[in-house]
Every structure is written in structure tokens, then in C-alpha cells.
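Worksheet: the structure to be examined is printed underneath.
Naming convention: chains lettered A, B, ... in sequence-line order (proteins, then strands); numbering from 1 in each chain.
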Amino acid sequence: MRWSKLFVPTLRDVPADAEVASHRLLLRAGYIRQLGAGIYSCLPLARRSILKIEQIIREEMDRMGGQEFYLPALNPDDIWKESGRWEAMGDNMFRLKDRTGRDLCLGMTHEEVFTSIARDEIRSYRNLPQIWYQIQVKFRDEPRPKSGLLRVRQFTMKDSYSFDIDRKGLDHSYDLHEQAYRKIFERCGLEYLVVQAASGAMGGSESEEFVVFSDAGEDWVVSCSKCGYAANLERAVSNLEQVADPDGTSQFSEVHTPGQKTIEEVSTFLKIPKSRQIKSLVLIVENNPYLILLRGDHQLSEPKLAGVLSSEIFRPAMPDEIREIFGADPGSLGPVGIKEIRVLADKALEGRRNLVCGANRDDYHLVNVTPEVDFTAPYADIREVQEGDPCSSCGTPVKVAKAIEVGHIFKLGLKYSSSMKATVLNAEGQESPLVMGSYGIGVERILAAAVELYNDDLGIVLPRSIAPYQVVITLLRPDDEEHRALAEDFYEQLNARGIDCLLDDRDERPGVKFKDAELIGIPLRLTLGRKLTQGEVEVFSRADRETVTVPTTEALEAVEKILNQFPL
RNA sequence: CGGGGCGUGGCGCAGCUUGGUAGCGCGCACGGUUCGGGACCGUGAGGUCGGAGGUUCAAAUCCUCUCGCCCCGACCA
């Protein structure tokens, strides 16, 4: 491609709305433009990158035996009502009516459609396993689209679905996906991590996320640098550092704590560490109040709590509700003497002694409160792991960091095959439900994550495999016949060698050409300029900003050699 | 949904408090000089000031409503 013909509207000024690096740079570099909140147009550079990413995905999916489909994004309501997700998806689903008033929706994911095909067409275990995939558009009416391509309402997803006759088959299909995903993210040049994850509304038992560490991400990931343990904060577990309590079991007593409400204030006032307090939270769970107890320095993990309660329908109680139930304001609550209300305590309180909690009387706290002596409550792991907690497998302090989710694999099991009655005959001639898995990759997110990961003050630095072009030939004197002829020659030959090449033949000053080439992140630049009179050209590597000068006769070899130094 | 911010040529912004001919930088077009790190000079094109209603002799500016976008939170596959 000749740059003079290519549409690359680069910007000097940064659009005011763009905050995260990938959003800012993709706009500036002329990759994308915004159409609405969470809706973006891909311009030619982005499109080329996306197509390369899709091709990598396609190759790896095909390699493991996946078969490519293409399903409609426009879905009738009936299959969604069958699976129960017409209601479950709530406001996140775009819904519309056709001219006759029938309900339709825009697909957020395609378990329903694929399951309906499998149900109708697969009759025998002999036709299993199947791995079906597509690279297709998804629509999700996100409550808050943000950060450019990272959280959008329309995006491209590679989604795949496995159908097996049994659990063992599913395990195999799942493993195939995990291996393929590793290969895909490696080939895209991403530094990624596989972490244990919560399956959320997808349902199913086991799931893992593929994440890229970045402050622009929205997932919190707990990881151990020593043993490799890694999990989404929603389900991460850790050990505890021991807290020493005073020996013996003293009778608790009330102390006056005027105006001391928060854990922090009480800690300072009574001169005891936060870890020796009991944090009392009141939640309304399906209309019933619940007292949740945590160590003073711990935070509640709502996903874990949802798991323990087998309900996601809960909310913090309002101050007036708390007053009515406890006869005290939040800030002076505790479990001692509580009878009518259900209580749940985090495991970190098990075996502790002589703690401090609220007295259920404004401005009073209790000291020397001992679980199981002064109150009883069932224990469960409902606390959120914190930075520095000892790793559950090796004891090393764990890290907690933000990450971008680029892929997610789930063992669904029977969730959709039972609700949608998808069965086949097994070897014994019995109806047997399909055992399913589902697997997703956010295609644009790979590009955005790569830009988050690899950028500098000059702009984007893309891995070779997903850069829109691998080499840009910067022709500094396009009006010089000899220079031009040589540039054209390089251009032809590089393309002939399978290297995507962009020829900057624009009538622009050198500075503009250099800045643009660096901004859009082309891995290698071949510069034809004044050194041509000595029979030399320059090869500039974007990632390390190194320039080597080589004779023109060796330029092609030099380009290939340097390109091949990138492992990507 | 709660909180905050912003809508003025393609992009970045000023003007609004105190109503009175819509401005600056970049970009764009043309001419000239330049040409290895986002050049310089000159000339020029381009704006229903997000939209609707109201107040006023007069509204970008004041009032009401409304739409959109961004950020924080809630939420979230």
C-alpha cells in the first residue's frame, strides 16, 4: 500500500475524551473513530490489525479441530426464553420488535443458537465431540461503556462451543481450548496470564480467564510470583497472617466510645489494631436482614458471599433499616446478643479471642468479645484477598493487580443442554444430555490490550504479528526518480517475500513521516534518504529505537533479519 | 441508576461571571520559500455556538426542558 492512497487520519492533538493509553493512541494514530458511547468505527489500520488477529485465532481454532460457523446476531426471543436468559440478561440485552410486534434481541453470546443447532441435528454420540466456533459481532448494552475499545457495546468475539458425550470429553475439549488460547495470545505477542475465574452468569463449574496486566483493565487479579497461583479476586483465596490475641477468655464489657464509628476511629481510640476488631455489615438478603462479620481490616467479597448464600439478591441495609433492627446506628453494631437475625462470620474470626465489636448501642463498643463464647455464627470464606496475604499454596505474599480480560473459557456442563433439552443417544441407546463448554476471546480487546502493553512517548509499538504493516519504507525524496525507483523496488520485493509493506510516498517533510510512522506503530522502518548517495539505507526498529545503516544491496536481508529477531 | 464534568469550524481550546458584529492554535486550500525529526511567509475557505422553548430591542452568554459525550461509583459474562 502506498501511504499517499491510504486513509490514516493521524491527530496532533489528543482528543479530550480519551483517557487510557490505548484509546488515546488508537484515536491519534487514525485506527479508530467513535460513533457513540461504546460504539467505534474501525478505520483501515485497525481493520488490518483485527483481520490479522482473527486469522491467528482462526488458524489455531482450525488446528485443534474447530469448525467455523457464522450465526445471526439478530435472534428471536424463543430460544432465549427456553434457556431462561431472556429474563436473566436484563437490561444488558438489546431488545427490539419486528414489524409484527414479535420480540427479537441482538445476541450477546451464542450458547442458545449453537445449542439449538446441536439439539436439532446431532442425534448420536457417534457424532461427538464437536467444536464449533465463529468470529462474529456481539451486542451488550453495558451500563457504563468506557476506555475506548476496552469496554464497548458492540464488539467482535471469537466464541466457541464444545459438545461432548461426557465429562471426560468436556475436559478434553476444554484442554484443547486452553492450549489453543495460549498459542493465540502468544502469537499475538501478548504477555498474558491464565487465572482461575468465577463463572458468573455463564453458569457452569470451572472457568479460567486469560488476562493481560494493565491499569486500564477492570479485573482484579491475585497472583503469586513464586508458585504461579493466580485467580480473579472474585474467587481468589489466601492464607492469613496470624494475629496474636491476649490469652485467656475475659468476660466482655462495654466501653464508652463517643463519636467513634469507623473501624479506623475505634482502632485509634481504643489503641487496638484493626485486625482485632469485628467488622459488622448488615445486608438485606432476599428481604431478610443478615449480619455479616469480618475481621476489622478485611473487606467483604460479594461474589464469595453470593456463593455461600446461593443467592445474588442482596444489598447493603439502609441506615434506617439498621436502626430499626439493632436499635443503634451503623458504627456501633455487633453480634453479641443478636437472636432473631441470621449471622455469618468469615473464617478469619474462627479461634480468635478478646476482640472488639459494636455494642448495638450508640457510642458504645464491647471489648473482650470471643466468638463461640459470646456469640455463635457459622463460618465461611467470604473475605476478599488483600495484597500481601500469604499465598494459599506457598505462603509467599500475593500481589493484587488490575488486568484486562482478553479470553475466558468455561466448563458449562449441562446448563444449556438441560434447559434446552439437547440430548443424543449414547452407546447404550439412552438419551443423554450434551456436555458443553463455551469459550470466548474479545478480538478488539486484543488490539487494545497490545497497545496498553506496548506504547511509548512516540506512540504505539505493535507486535509484528498484529501490526497493520510490518515495514514502512520512508521515502524522504519522492520527487527524486532514482530514490523513488529504489523504494518501489524494495516495496515489490518485500511484499513478494510475504512482508506487509507500506510505502510512504507522500509529499511531506521528513519529520512528519517519521512521527507518523512511529505513532502508528509499524515495527520496522526502512529509510531512504540522503545516505542513498553513498549507497546506504537505514533500518529503524520501533521497539528498541535502534537504527542500523546498511548498503542498499543488503537492505532486504537486514529487514528480514531484524524482523525475525522479534519472536512474534 | 447516584455523583461530577463537558458540548463553540475537522481536532484542541478561549469567549459566558457583567447579554450588544464569534475568536485563537493546529489542520485544510492556493502561492512562494523550504526539505533528516510534526517548517516559514502570505492569501483564503470553513461555525444553525448540541437541540427545543422562554426572557429581552438584542442570547454562545440569562432561565426552563431536553439530547449527547467523558470520568467516579453502583452494576457487569
When the distance from [atom1] of [X] to [atom2] of [N] is rounded to whole Å, what number comes out?
| X | N | atom1 | atom2 | result |
| --- | --- | --- | --- | --- |
| A/Arg33 | B/rG10 | CZ | P | 13 Å |
| A/Ile32 | B/rC11 | CD1 | C1' | 15 Å |
| A/Leu150 | B/rC76 | CG | P | 20 Å |
| A/Asn232 | B/rC76 | CG | P | 13 Å |
| A/Asn92 | B/rA74 | CG | P | 16 Å |
| A/Arg24 | B/rC69 | CZ | P | 22 Å |
| A/Leu27 | B/rG12 | CG | C1' | 13 Å |
| A/Phe155 | B/rC76 | CZ | C1' | 12 Å |

**OP:** Would you indicate, yes or no, if B/rC76 has its OP1 or OP2 atom less than 4.0 angstrom from a side-chain nitrogen or oxygen of A/Arg144?
**Re:**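 For B/rC76, OP1/OP2 do not have a side-chain N/O of A/Arg144 under 4.0 Å.
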
Original post:
OP1 or OP2 of B/rC70 sitting under 4.0 Å from any side-chain N/O of A/Gln34?
Top reply: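 So the side chain of A/Gln34 is within the cut-off, an N or O lying under 4.0 Å from OP1 or OP2 of B/rC70.
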
Partner lookup for [N], please. Criteria are Watson-Crick or G-U wobble with both distances under 3.5 angstrom; report none if nothing qualifies.
| N | result |
| --- | --- |
| B/rC75 | none |
| B/rG46 | none |
| B/rC6 | B/rG68 |
| B/rU33 | B/rA39 |
| B/rG53 | B/rC63 |
| B/rC13 | B/rG23 |

Subject >> Whether A/Phe185 and A/Tyr192 hold their rings parallel, tilted or perpendicular, with breakpoints at 30° and 60° >> reply: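 Geometry flag for A/Tyr192 against A/Phe185: tilted rings.
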
**OP:** Determine the interplanar angle of the A/Phe94 and A/Phe139 rings, folded into 0 to 90°, and report it as parallel if under 30°, tilted if 30 to 60°, perpendicular if over 60°.
**Re:**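 If you compare the ring of A/Phe94 with that of A/Phe139, the planes turn out perpendicular.
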
Considering only atom [atom1], compute the distance from [N] to [M] and round it to an integer number of Å.
| N | M | atom1 | answer |
| --- | --- | --- | --- |
| B/rG47 | B/rG12 | C1' | 16 Å |
| B/rC24 | B/rA14 | P | 16 Å |
| B/rG36 | B/rC41 | C1' | 23 Å |
| B/rC49 | B/rG20 | P | 15 Å |
| B/rC26 | B/rC67 | C1' | 30 Å |
| B/rA60 | B/rG9 | P | 14 Å |
| B/rU21 | B/rC65 | C1' | 30 Å |
| B/rC63 | B/rG27 | P | 38 Å |

Original post:
Below 4.5 Å, heavy atoms only, C-beta onward: do A/Phe490 and A/Leu526 meet side chain to side chain?
Top reply: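 Yes, at least one pair of side-chain atoms sits under 4.5 Å.
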
Subject >> cation_pi(A/Arg95, A/Trp86) dist<6.0 Å, angle<=45 >> reply: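 Positive - A/Arg95 is close enough to the ring of A/Trp86 and near enough to its axis.
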
**OP:** Flag this pair as yes if the NZ/CZ of A/Lys138 is under 6.0 angstrom from the six-membered ring centre of A/Phe155 and inside a 45 degree cone about the axis; otherwise no.
**Re:**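 No cation-pi geometry.
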
**OP:** Output the single nucleotide from B/rC75, B/rC72, B/rC70 whose closest atom is nearest the side chain of A/Asp17.
**Re:**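 Minimum distance to the A/Asp17 side chain belongs to B/rC70.
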
Original post:
A/Arg140 or A/Asp13: which one's nearest nucleotide on RNA chain B is closer to the 5' end?
Top reply: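 Its nearest nucleotide being more 5', the pick is A/Asp13.
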
**OP:** Starting from the 5' end of RNA chain B, give me the residue, A/Leu35 or A/Glu302, whose nearest nucleotide shows up first.
**Re:**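 Its nucleotide being nearer the 5' end, the pick is A/Leu35.
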
**OP:** Pick base, sugar-phosphate or nothing for A/Glu209, based on heavy-atom distances below 4.0 Å to the nucleic acid.
**Re:**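 Here A/Glu209 touches no strand at all.
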
Original post:
Hey, does A/Pro15 reach any base, or is it just sugar-phosphate, or nothing, if we go heavy atoms under 4.0 Å?
Top reply: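 Sugar-phosphate only.
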
**OP:** Using a 4.0 Å heavy-atom cut-off, write out nucleotides 35-41 of chain B from 5' to 3' as B (base contacted by protein), S (sugar-phosphate only) or - (no contact).
**Re:** SBBBB--

**OP:** Could you tell me whether A/Glu286 atom CD has more than 12 heavy atoms of other residues or ligands within 6.0 Å of it?
**Re:**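 Yes, enclosed.
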
Subject >> More than 12 heavy atoms of other groups within 6.0 Å of A/Asn288 CG >> reply: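 Atom CG in A/Asn288 is packed in, count exceeds 12.
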
Subject >> Distance-only donor-acceptor check, side chains A/Asp159 and A/Gln136, under 3.5 Å >> reply: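 No, because no side-chain N or O of A/Asp159 sits under 3.5 Å from a partner of the opposite role on A/Gln136.
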
**OP:** Output, in order, the C-alpha distance, side-chain angles, deciding distance and verdict of side chain to side chain contact (heavy atoms under 4.5 Å, CB included) for A/Phe410 and A/Glu208.
**Re:** CA-CA 7 Å; A/Phe410 300 87; A/Glu208 284 167 295; over 6 Å; no

